[in-house]
There are 2 protein chains.
Amino acid sequence: MADVKSANNPLFLREEELRQAIELLFFAYRDFTAGPDEILKEYKFGRAHHRVIHFVGRNEGMTVSELLDILRITKQSLNRVLSTLIDRGFIEQQTGLEDRRQRCLYLTEEGRKLEQKVSRVQRELVAKAFREAGGDAVAGYRKVLAGLIDDASRDRILGRIQNS
Amino acid sequence: MADVKSANNPLFLREEELRQAIELLFFAYRDFTAGPDEILKEYKFGRAHHRVIHFVGRNEGMTVSELLDILRITKQSLNRVLSTLIDRGFIEQQTGLEDRRQRCLYLTEEGRKLEQKVSRVQRELVAKAFREAGGDAVAGYRKVLAGLIDDASRDRILGRIQNS
DNA sequence: AATATATGTCAACATGGCTGACGTAAAATC
DNA sequence: GATTTTACGTCAGCCATGTTGACATATATT
């Protein structure tokens, strides 16, 4: 009765299934970012600052260009948040050793503390979801999300993310 | 050699694994929204309009309050995008039958066309990722993402999303 | 020496959040 | 029937974060 449509029209089920997967991602992302957002608000920082701290923390010494590539924003946009992070002592720059035009980015002690604090709530949320879902589900999660990533950047990203 | 850290300190691996899962979600979401963003730009619409069209499309006749609950934004923010969508003929309102204070929201013919067009690219992306990952992986994807959703809203959301 | 690259910076603008205040119609309650 | 609550709309202003375009400076590369 209830599945007349799906019984008669497998394409309908397929479309419905995909729409549900899309919504799931929307809601998951919404709640996944809620924790950090709240903490960062105390510092008057936003999601943009979070992203910078996150990626610099995971790629100490990365250059500004590399960061721009990852974030896919303009250097003017980045500069606004980056310079406040530097001014307020969460990030340091060091002139590149090989190429002195480059500014290599590092978290300060303060920056590392904030990164830890913010990342902790997010890691705890993901850990809970992983625990509840089980190891096989986690592998599936990885596979599907990897498939959503732009072909052009997938390898580079998975390269950094390759674990086991 | 390479796994000295993980061999000696399982917590390190755990933390690293979680950080990678977090990054994966970041990148997947970034690329997942890129397609729609591009199409909507032609209409001078943004992600906010997309969300409204998406949810109204999936819940024809929903009220403004219900939409606000889902989006978790203020009515003033919603009103900005909602009223342009109405003015430009993508969404219609109808006074609630039982409760005449409510405005029930519907896609117009035009709105449905746009919804289809935008959702198509997203569905194709997800379909590709699902195909490549396989059925088990898809189940895992669902489980993990469901676990990321806020406890308070999970049931309501999964209720609407319960498929199969 | 000329050109290209990495970065910074100024200015102006758009989008989409927010708060606060106020208004109106309809429903619910006393 | 009067009062209060609810659903929604709206005005005004602020903030965060994205954009484009133009220009500057130091360093590498050719």
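In what follows, chains carry the letters A, B, and so on, assigned in the order in which the sequence lines appear, proteins first and then strands, with residues in each chain numbered from 1.
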For the side chain of B:Arg101, counting heavy atoms from C-beta on, which of D:dT6, C:dG16, D:dT27 is nearest? D:dT6

Value in whole Å for how far the P atom of D:dG18 lies from NZ of A:Lys75: 16 Å

Report the distance from atom NZ of A:Lys75 to atom CG of A:Leu82, rounding to the nearest 0.5 Å. 13.0 Å

Pick base, sugar-phosphate or nothing for B:Glu66, based on heavy-atom distances below 4.0 Å to the nucleic acid. nothing

May I ask you to evaluate whether A:Thr74 reaches the phosphate of D:dT19, defined as a side-chain N or O under 4.0 Å from OP1 or OP2? yes

Write down the distance between CD (A:Gln102) and C1' (C:dA4), rounded to a whole number of angstrom. 14 Å

Roughly, in whole Å, what's the span from CG in B:Leu97 to P in D:dA7? 17 Å

Specify whether A:His50 and A:His54 have parallel, tilted or perpendicular ring planes, treating 30° as the upper limit for parallel and 60° as the lower limit for perpendicular. perpendicular

Please report, rounded to the nearest Å, how far the C1' atom of C:dT24 is from the CZ atom of B:Arg103. 10 Å

Under 4.0 Å from OP1 or OP2 of D:dT27: is there any side-chain N or O of A:Arg100 that close? yes

Can you work out whether A:Ala48 or B:Val64 has the more 5'-proximal nearest nucleotide on DNA chain D? B:Val64

Check the distance between C:dA6's C1' and A:Leu78's CG and give it to me in whole angstrom. 13 Å

Protein-nucleotide distance (B:Leu82, atom CG; C:dT15, atom C1'), rounded to Å: 16 Å

Given C:dC18, is OP1 or OP2 found less than 4.0 Å from the side-chain N or O atoms of B:Ser77? yes

How close or far is atom P of C:dG17 from atom NE2 of B:His50, stated in whole angstroms? 13 Å

Selection from C:dA6, D:dG18, C:dG16 that lies nearest to any side-chain heavy atom of A:Asp99: C:dA6

Base, sugar-phosphate, or nothing: which does A:Thr63 touch, judged by heavy atoms less than 4.0 Å apart? sugar-phosphate

Pairing of A:Glu115 and B:Arg19 as salt bridge, 4.0 angstrom limit: yes

What about B:Gln76: does its side chain form a donor-acceptor pair under 3.5 Å with the base of D:dG13? no

Measure the spacing between CZ of B:Arg88 and CZ of B:Phe45 and express it to the nearest 0.5 Å. 3.5 Å

Please determine if a side-chain N or O atom of B:Arg80 lies less than 4.0 Å away from the OP1 or OP2 oxygen of D:dC11. no

With a cut-off of less than 4.0 Å, is there a side-chain N or O of B:Gln93 near OP1 or OP2 of D:dG9? yes

Give the ring-plane orientation class for B:Phe55 versus A:Phe27, where under 30° counts as parallel, over 60° as perpendicular and anything between as tilted. tilted

Distance check needed: D:dT20 P versus A:Leu68 CG, whole Å only. 13 Å

Using a cut-off of less than 4.0 Å, is there contact between a side-chain N or O of A:His49 and OP1 or OP2 of D:dA16? no

If you pin A:Arg47 and A:Glu98 to their nearest nucleotides in DNA chain D, which one's is more 5'? A:Arg47

May I ask you to say whether B:Asp136 pairs ionically with A:Lys143, meaning some side-chain N is under 4.0 Å from a carboxylate O? no

